[in-house]
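Structure record follows, encoded as structure tokens.
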Amino acid sequence: MELPSNYNSKEVEDKIYQLWEKSGFFAPEAHQPRAGNPNRNKTFCIIMPPTNANGNLHAGHALVMTIEDIMTRYKRMRGYKTLWLPGLDHAGFETQVVYEKKLEKEGKSRFKMAPEELYKEITGFTNENKKNITNQVKKMGASCDWSREQFTLDKNIIKIVYNTFEKLYKDNLIYRGKKIINWCTKHQTSLSDLETADVEKQDKFYYLKYGPFTIATARPETKFGDKYVVMHPKDKRYSDYTDGQKIDLEWINGPITATVIKDEAIDMDFGTGVMTITPWHDAVDFGIAERHNLEKEQIIDFYGKLLPIAGEFSGMKITEARPLIIDKLQAKGLVEKIEENYKHVVKTCYKCGSLIEPQIKEQWFLKMSAQGGSASGGKSLAKPAIDAIKSGKIKFIPEHYKKIALHWLNNIIDWNISRQIVWGIPIPAKTCEKCNEIFIDVEDKITSCKKCGGNLIKETDTFDTWFSSGQWPYAVLDYPKGKDFKTFYPTDIMETGGDLIFFWVSRMIMFSLYNTGKIPFKIVYLHGLVMDAKGQKMSKSKGNVINPLDLTDKFGTDALRIGLVVGNTPGTSLPLDENKIKAYRNFATKIWNASRFVLMNLEGYNENAKIAFTANDKKILGEFKKITKEITKEMDGLKFYVASEKIYHYFWHTFCDKIIEDYKKGGVSQQLLITILAESLKILHPFMPFITEEIYQQLPIKGKKDCLMIESWPVE
RNA sequence: GGACGAUUAGCUCAGUUGGUAGAGCAUCUCAUUUACACUGAGAGGGUCACAGGUUCGAGUCCUGUAUCGUCCACCA
């Protein structure tokens with residue numbers, strides 16, 4: 001019984017993963033802990049954040065897979081009925097963006113394709129990626145139950161999403177409204193507020209004469225239709241003007257009649273304290289217009305070009321038109337001054353960086369009031385979520401995310417869930433051409449208006465991808481009647497990136513409480529961002545992206561896994577340094593060689609013989625037991641960064657440096673050596689599953705299991 | 001404009017109810033073919049960002065300041 005002199009991670013990993021898959025022990029039903037195990041009637045469940053099926057596994061995924069696998073393997077060994085449920089995400093907008101880039105490279109455009117054709121192509125693209133990403137997840141050693149794998153576009157998921165939509169509509173929490181939304185002119189879709197990124201920009205700031213007033217703006221191209229001039233009701237400088245007063249004045253394309261509006265939204269200290277409003281293309285202005293019932297007019301079309309209202313500038317792109325408009329205003333003597341370096345914040349599309357052009361558009365919205373009960377006129381989505389978090393029913397790790405989540409939920413605004421992209425779940429609604437009556441048609445059966453008999457127009461918008469993934473925890477467990485739902489819900493831990501706290505985590509909490517009446521998970525464990533070795537954010541443009549699969553190739557998956565975990569506290573970003581992974585590759589080699597040494601010294605050893613430890617053995621075992629208890633405590637406290645460091649330290653500097661050396665001098669018994677090795681491998685297993693399993697398979701121990709994966713943890 | 005986090009050895013980071021500072025990597029010295037050189041034994045290296053306060057005692061608790069980072073926000 002001897003191990004080869006070198007550990008070949010590549011060969012071993014594939015072989016061992018196959019062994020696990022064949023064993024069937026990834027499924028919770030298969031694993032039967034011994035009769036007396038105190039945890040055997042308890043369950044443990046993690047739902048894997050569905051991986052985007054639009055590319056390759058990145059460093060962040062590697063961390064997710066590692067942490068969740070550690071949690072899963074640990075609980076499985078403790079005897080819990082353990083389920084880690086894997087999934088894949090169609091990732092609506094994100095995938096569409098990736099695919100559009102691909103089309104662009106090929107000189108094609110999605111706008112010249114029929115929607116059905118585009119959908120078919122992206123389906124093919126996604127299917128390829130699904131296989132690819134699944135293999136990469138396996139490469140990380142994930143012990144998830146593949147027989148339960150789910151995809152966000154599976155029929156059963158869509159059905160649940162549709163039912164929720166219908167229920168929300170009946171509860172008056174969904175409405176169709178013509179409101180101002182974030183429009184990405186490049187991708188031709190609206191976006192939620194979370195899908196925009198604020199960017200600081202330097203622009204010219206123009207002071208323009210508007211009748212008796214001077215108004216300041218960075219966007220003169222939106223000003224064509226401005227016919228309301230707004231000031232604060234308490235501004236003494238303008239007390240001569242009254243609300244509703246009409247003023248004739250000369251403007252860009254000729255004389256107009258302006259109306260004075262008094263509104264408290266105006267900051268008296270900013271600019272001149274007076275502004276004109278463009279309700280169609282500015283959220284603040286939209287708000288003012290709504291409050292005062294003012295007319296709204298579209299100036300810029302959905303491609304970012306000026307409409308006929310701009311007269312001679314009609315059809316021009318706004319960026320081209322801006323200087324020309326200023327030239328004209330200057331010629332008319334309407335430009336008072338121009339500030340050169342005006343710093344302000346603009347919204348951009350978080351994916352492509354294009355400037356967001358606010359537009360008014362009819363969209364589907366989800367009501368998101370933080371108030372509950374009758375005060376809000378019915379049910380509230382946010383209120384129960386706030387209560388669950390406040391009361392500690394849902395715990396955050398690290399804790400300070402609790403405040404962040406609550407702050408967002410307390411200030412939540414209605415959520416635009418419509419997207420004008422094909423890659424997503426279609427919104428199951430129809431509108432009557434004649435009377436505008438809306439029908440939610442989950443089964444796609446309604447053919448004419450039930451009210452007036454008119455023709456129905458089928459909705460072409462799709463759902464924001466987070467509308468469906470926000471229902472993931474109960475949808476994948478086959479809510480409401482499924483056996484898994486009854487067994488594993490609420491789940492135990494939601495482990496994901498801190499950047500998803502609003503996008504995903506908060507929405508899962510709201511949807512789950514709304515639908516099931518229960519929280520979706522007890523603990524939210526948020527890991528930090530994986531950075532490059534220098535602590536810089538990885539990005540393709542910087543060229544500092546580290547491919548985790550290169551590291552597994554070079555140093556083995558086990559080395560990458562433990563390297564990602566040791567010293568990595570949740571919530572703080574972690575620099576991924578190849579040298580660190582290399583150091584843990586050395587540790588893997590150490591484990592291998594120590595095991596080789598033990599196996600080479602088995603002469604005369606019989607695992608079935610009666611155990612007779614010496615006094616010194618017992619002392620060492622006592623110390624080991626103490627360490628084991630400490631590690632178990634850290635594991636239960638989800639402090640994997642401490643637990644992994646402790647077992648690392650014990651194995652190398654106590655077991656190898658002291659105990660094995662002692663053995664050479666005859667100080668400890670053969671039995672002790674093999675006992676400590678076997679027990680250490682169990683503790684190391686969640687962190688470094690491949691190498692520990694490979695060695696375990698060769699170990700002569702009493703009552704050996706099919707695999708180390710289902711061995712009992714040293715502390716029950 | 002708000003909120004949150006960070007600041008500890010050259011580098012990356014731990015430090016769980018307050019009790020004379022820890023790990024890995026790096027550096028230096030020594031050992032020399034050992035299960036393992038992807039090795040062993042040892043060493044050097046820190047006013048714990050700064051200023052106050054509470055305490056017998058503060059890296060840890062409180063207040064303030066600075067720098068960095070992140071998130072949120074409808075100043076045209």
Side-chain angles (χ1 to χ4, degrees), chain A residues 2-3 5-7 180 193-194 197-198 205-208 215-220 222-223 226 229-231 265-278 281-288 342 344-345 347 358 398-408 410-411 413 498-499 501-502 528-529 531 533-537 555-556 559 562-563 566-569 571-601 633-634 637 639 641-642 644-646 648-649 652-653 656-658 660-661 663-664 673:
Chain A
E2 256 185 53
L3 295 172
S5 56
N6 286 311
Y7 175 62
I180 193 147
D193 294 84
L194 287 177
D198 290 348
F205 200 44
Y206 308 94
Y207 287 80
L208 308 176
I215 59 157
T217 182
R219 299 198 62 191
T222 64
K223 299 279 153 201
D226 288 13
V229 58
V230 193
M231 59 213 70
I266 302 297
D267 181 350
M268 287 189 266
D269 299 325
F270 185 83
T272 56
V274 189
M275 68 174 198
T276 60
I277 57 166
T278 316
H281 301 292
D282 185 285
V284 182
D285 297 3
F286 179 84
I288 294 170
Y342 171 64
H344 65 143
V345 172
K347 275 189 179 183
E399 271 174 40
H400 72 261
Y401 273 101
K402 176 178 174 172
K403 270 191 199 168
I404 296 174
L406 282 174
H407 181 262
W408 187 75
N410 277 318
N411 295 286
I413 54 169
D499 52 333
I501 188 164
F502 309 135
L529 237 54
M531 309 291 210
K534 289 176 195 152
Q536 301 284 312
K537 217 178 225 179
F555 303 114
I562 193 164
V566 175
N568 176 24
T569 40
T572 54
S573 58
L574 115 130
L576 181 51
D577 188 346
E578 192 173 303
N579 283 323
K580 191 177 172 190
I581 308 305
K582 198 171 148 190
Y584 289 103
R585 189 272 320 263
N586 295 355
F587 179 50
T589 309
K590 191 76 186 176
I591 296 171
W592 189 254
N593 282 305
S595 305
R596 267 181 67 217
F597 178 83
V598 173
L599 289 171
M600 278 153 74
N601 286 279
K633 200 182 143 208
E634 303 297 1
K639 294 191 174 171
Y641 54 101
V642 180
S644 53
E645 207 255 321
K646 277 193 170 163
Y648 168 90
H649 207 259
W652 198 317
H653 299 298
C656 295
D657 294 346
K658 303 229 162 70
I660 287 185
E661 292 308 312
Y663 173 81
K664 288 179 188 169
L673 215 56

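Naming convention: chains lettered A, B, ... in sequence-line order (proteins, then strands); numbering from 1 in each chain. Everything numeric here is computed off the predicted structure, so don't read it as measured data.
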Opposite nucleotide pairing with rG42(B), Watson-Crick or G-U, both atom distances under 3.5 Å: rC28(B)
If we take the P atom in both rC75(B) and rG18(B), what is their distance in whole Å? 42 Å
Base, sugar-phosphate alone, or nothing: which one does D198(A) contact when heavy atoms must sit under 4.0 Å apart? base
Look through every strand shown and name the nucleotide pairing with rU54(B) as Watson-Crick or G-U wobble, where both distances are under 3.5 Å. none
Rounding to a whole Å, what distance do you find between M268(A):CE and rC75(B):C1'? 13 Å
Take atom NZ of K582(A) as the centre, draw a 6.0 Å sphere, and report whether it contains more than 12 heavy atoms from other residues, nucleotides or ligands. no
Determine the interatomic distance between C1' on rA6(B) and the same-named atom on rC48(B); round to the nearest Å. 14 Å
Could you work out the separation of rU16(B) and rA21(B) based on their P atoms and round it to a whole Å? 14 Å
Rounded to whole Å, please give me the gap between CG in N579(A) and P in rC25(B). 10 Å
Minimal non-hydrogen separation, T217(A) against R219(A), with atom names: OG1-N, 2.9 Å
Using 30° and 60° as the class limits, which term best fits the ring planes of Y663(A) and F597(A): parallel, tilted or perpendicular? perpendicular
Side chain of P575(A) only, please: which of rG40(B), rC72(B), rC13(B) is the nearest? rC13(B)
Pairing partner (Watson-Crick or G-U wobble, both distances under 3.5 angstrom) of rA3(B): rU70(B)
Picking from rA35(B), rC74(B), rA14(B), the nucleotide nearest the side-chain atoms of V284(A) would be rC74(B)
With a 3.5 Å limit on both atom pairs, tell me what rU47(B) is paired to, counting Watson-Crick and G-U wobble, or say none. none
note: I591(A), atom CD1; rA35(B), atom P; distance rounded to Å ~ 19 Å
In whole Å, what is the span from the NZ atom of K223(A) to the C1' atom of rA76(B)? 6 Å
Compare side-chain N and O positions of Y342(A) against OP1 and OP2 of rA76(B) and report whether any pair is under 4.0 Å apart. yes
Quick one: which of rA76(B), rU12(B), rC36(B) gets closest to the side chain of I266(A)? rA76(B)
So how far is it from F587(A) CZ to I581(A) CD1, rounded to the nearest 0.5 Å? 13.5 Å
Would you say a side-chain N or O of T572(A) is under 4.0 Å from OP1 or OP2 of rA14(B)? yes
Taking the P atom in each of rG19(B) and rC28(B), what is the distance between them to the nearest angstrom? 36 Å
So what's rU60(B) paired with, Watson-Crick or G-U wobble, going by both distances under 3.5 Å? none
At under 4.0 Å, does any side-chain N or O of W652(A) touch on OP1 or OP2 of rU39(B)? no
Complementary nucleotide for rU33(B) - Watson-Crick or wobble, under 3.5 Å: none
Among rC38(B), rG40(B), rG5(B), the one nearest D657(A) by side-chain distance: rG40(B)
Here the distance between atom P of rU70(B) and atom NZ of K537(A), to the nearest Å, is 6 Å
When the C1' atoms of rG59(B) and rA9(B) are considered, how many whole Å apart are they? 14 Å
Answer yes or no: side-chain N or O of K639(A) and base N or O of rU16(B) forming a donor-acceptor pair under 3.5 Å. yes
rG15(B), OP1 or OP2 - any side-chain N/O from Y641(A) closer than 4.0 Å? yes
How far does the P atom of rU70(B) sit from the matching atom of rU65(B), given to the nearest Å? 22 Å
With a 4.0 Å cutoff (strictly under), does any side-chain N or O of T217(A) reach OP1 or OP2 of rA76(B)? no
Could you go through W408(A) and L194(A), starting from their C-alpha distance and side-chain angles, then the distance that decides it, and tell me whether this counts as side chain to side chain contact (heavy atoms under 4.5 Å, CB included)? CA-CA 11 Å; W408(A) 187 75; L194(A) 287 177; 3.9 Å; yes
Minimum-distance nucleotide to D267(A) side chain [options: rC75(B), rC36(B), rC4(B)]: rC75(B)
Ignoring hydrogens and geometry, is there a side-chain-to-backbone donor-acceptor pair from D282(A) to T278(A) under 3.5 Å? no
Between rA49(B) and rG44(B) - C1' atom distance, rounded Å: 25 Å
Checking rC72(B), rA76(B), rU16(B) against the side chain of E634(A) (C-beta onward), the nearest is rU16(B)
Have a look at G563(A) and say if it touches a base, only the backbone sugar-phosphate, or nothing, with a 4.0 Å heavy-atom cut-off. nothing
Looking for any heavy atom pair under 4.0 Å, which part of the strands does A594(A) touch: base, sugar-phosphate only, or nothing? base
So what does F502(A) touch, heavy atoms closer than 4.0 Å: a base, only the sugar-phosphate, or nothing? sugar-phosphate
For the pair K537(A) (side chain) and L529(A) (backbone), establish whether a donor and an acceptor sit closer than 3.5 Å, ignoring hydrogens and angles. no
Describe, in one word, how the ring planes of H649(A) and H653(A) are oriented to each other, choosing from parallel (under 30°), tilted (30 to 60°) and perpendicular (over 60°). tilted
Does K403(A) contact rC4(B) through a side-chain donor or acceptor facing the base, at a distance under 3.5 Å? no
T569(A) vs H653(A), nearer the 5' end of RNA chain B by closest nucleotide: T569(A)
Can you tell which of rC38(B), rG15(B), rA23(B) lies closest to the side chain of H649(A)? rA23(B)
Here the distance between atom P of rC72(B) and atom NE2 of H407(A), to the nearest Å, is 11 Å
Contact under 4.0 Å: K580(A) side-chain N or O vs rA23(B) OP1/OP2: no
Starting at atom CG of L208(A), determine the distance to atom P of rA76(B), rounded to an integer number of angstrom. 15 Å
Name the pairing partner of rA9(B), where a pair is Watson-Crick or G-U wobble with both distances under 3.5 Å, or state none. none
Which is true for G271(A) with a 4.0 Å heavy-atom rule: it touches a base, it touches only sugar-phosphate, or it touches nothing? nothing
What nucleotide among rC36(B), rA76(B), rC4(B) has an atom nearest to a side-chain atom of E661(A)? rC36(B)
Looking only at rC25(B), rG40(B), rA23(B), the nucleotide nearest the E645(A) side chain is rA23(B)
Identify which nucleotide among rG24(B), rC13(B), rC4(B) has an atom closest to any side-chain atom of Y648(A), counting heavy atoms from C-beta outward. rG24(B)
Roughly how far apart are T276(A) OG1 and L208(A) CG, rounded to 0.5 Å? 8.0 Å
Ignoring hydrogens and geometry, is there a side-chain-to-backbone donor-acceptor pair from T572(A) to N568(A) under 3.5 Å? no
Between C1' on rC74(B) and CZ on F270(A), what's the gap in Å once rounded to a whole number? 12 Å
Mind checking the C1' distance from rG15(B) to rG46(B)? Whole angstroms is fine. 14 Å
Need the pair for rA21(B). Rule: Watson-Crick or G-U wobble, both distances under 3.5 Å, any strand; none if unpaired. none
